[in-house]
Amino acid sequence: MRHQTHHNRLGVQPAHRRAMIRNMVTSLLKHERIKTTKSRAKEVRRYAEKMITTAKKETLASKRNVLGFVREREVVNKLFKTLIYRYAERKGGYTRVLKLGYRPGDGAEMVFLELVDRPVEEKTIEATTEKSEKGESAPAAESGKKAEKKKKQKEASASA
């Protein structure tokens with residue numbers, strides 16, 4: 001009989017698996033979004049949701065438990081100061097898995113594991129508005145050498 005097979009082994013030794021999960025939970029809480037394989041995301045999701053649920057108790061014991069698992073003190077502070085208030089009304093389901101496709105090298109299914117209700121990133125909008133203000137069009141996907149060559153040509157014409 002196969003007893004206690006309630007987790008994915010992830011193809012590594014148990015100590016490596018625990019360390020990897022702790023690092024990924026820390027990264028998820030820090031950046032609120034990580035790119036990983038589907039099997040790792042499903043495993044990390046369990047621990048990340050437990051950390052948020054534990055932190056919602058807001059006791060000294062819960063803070064110590066989270067500090068024992070999450071690697072960075074700043075991430076724990078972020079969890080206790082902002083994230084638990086974001087999920088105060090939610091009873092669970094703090095994460096979502098978004099499928100991305102397959103990795104070219106080995107064909108592993110890649111996903112984004114992210115926290116729900118996170119603020120929308122506005123970096124892409126700002127970058128496009130800056131270019132439109134300057135009167136430049138967004139360049140097509142060019143290789144690095146072509147882009148460098150065009151820069152040198154523009155500098156040469158500007159200095160002449």
Side-chain angles (χ1 to χ4, degrees), residues 1-134 136 138-141 144:
M1 287 187 215
R2 305 270 311 198
H3 294 293
Q4 295 184 351
T5 58
H6 55 273
H7 64 269
N8 192 340
R9 295 184 184 181
L10 301 176
V12 293
Q13 296 295 318
H16 183 188
R17 179 182 173 279
R18 280 190 296 271
M20 181 172 51
I21 288 173
R22 287 178 66 184
N23 286 333
M24 290 179 80
V25 168
T26 303
S27 295
L28 176 64
L29 294 175
K30 183 177 185 179
H31 302 292
E32 299 187 14
R33 184 180 204 184
I34 57 174
K35 182 179 178 180
T36 183
T37 61
K38 184 178 179 181
S39 57
R40 285 182 183 174
K42 285 183 170 183
E43 197 62 27
V44 168
R45 177 175 54 185
R46 294 174 53 210
Y47 293 94
E49 295 203 4
K50 284 181 185 178
M51 288 298 111
I52 295 172
T53 304
T54 303
K56 282 172 68 173
K57 295 176 188 171
E58 292 189 86
T59 62
L60 180 59
S62 66
K63 189 163 189 172
R64 286 179 176 166
N65 285 335
V66 173
L67 275 168
F69 191 84
V70 176
R71 301 272 186 184
E72 298 177 18
R73 186 173 293 271
E74 298 83 29
V75 175
V76 174
N77 288 336
K78 176 183 178 181
L79 177 61
F80 276 86
K81 290 180 180 174
T82 61
L83 294 180
I84 61 172
Y85 300 112
R86 185 188 302 172
Y87 301 118
E89 299 297 318
R90 191 179 279 268
K91 302 233 185 257
Y94 311 113
T95 58
R96 78 166 59 100
V97 176
L98 300 173
K99 295 181 180 182
L100 293 175
Y102 297 95
R103 187 163 51 194
D106 60 355
E109 190 171 0
M110 299 300 289
V111 297
F112 270 131
L113 177 64
E114 66 180 16
L115 298 176
V116 297
D117 299 337
R118 68 190 191 100
V120 178
E121 296 176 5
E122 297 186 17
K123 292 179 184 177
T124 56
I125 296 169
E126 292 172 4
T128 56
T129 56
E130 288 176 9
K131 286 184 180 180
S132 63
E133 289 173 2
K134 292 180 183 178
E136 299 175 358

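Counting from 1, the numbers follow the sequence of the chain as shown.
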- Query: Do the side chains of T95 and V44 get nearer than 4.5 Å, heavy atoms only?
  - Reply: no

- Query: Side chain of Y87, backbone of V116: donor and acceptor closer than 3.5 Å?
  - Reply: yes

- Does Y94 offer a backbone N or O that forms a donor-acceptor pair with the side chain of E49 under 3.5 Å? yes

- Do we get K63 above F80's six-membered ring, with its NZ or CZ under 6.0 Å from the centre and within 45° of the axis? yes

Identify all side-chain donor-acceptor contacts of residues 67-75 below 3.5 Å with residues at least two apart in sequence or on another chain.
from : atom 1 : to  : atom 2 : distance (Å)
R71  : NE     : N23 : OD1    : 3.1
E72  : OE1    : K30 : NZ     : 3.4

- Query: Under the 3.5 angstrom rule, does the side chain of K78 hit a backbone N or O of L83 as a donor-acceptor pair?
  - Reply: no

- Item | Closest contact, heavy atoms only, R96 versus D117 | NH2-N, 4.4 Å

- Passes side-chain hydrogen bond (donor to acceptor under 3.5 Å, both in side chains), Y85 versus K56? Steps please. CA-CA 8 Å; Y85 300 112; K56 282 172 68 173; over 6 Å; no

- Message: With salt bridge (Lys or Arg N to Asp or Glu O under 4.0 Å) as the rule and sequence neighbours excluded, what pairs involving residues 15-24 come up?
- Response: R17-E43

- Message: So R40 and L10, do their side chains get closer than 4.5 Å, heavy atoms only?
- Response: yes

- Task: Classify the side-chain pair K38/Y102 by whether it contains a donor and acceptor separated by less than 3.5 Å.
- Result: no

- salt_bridge(K35, E114) N-O dist < 4.0 Å: no

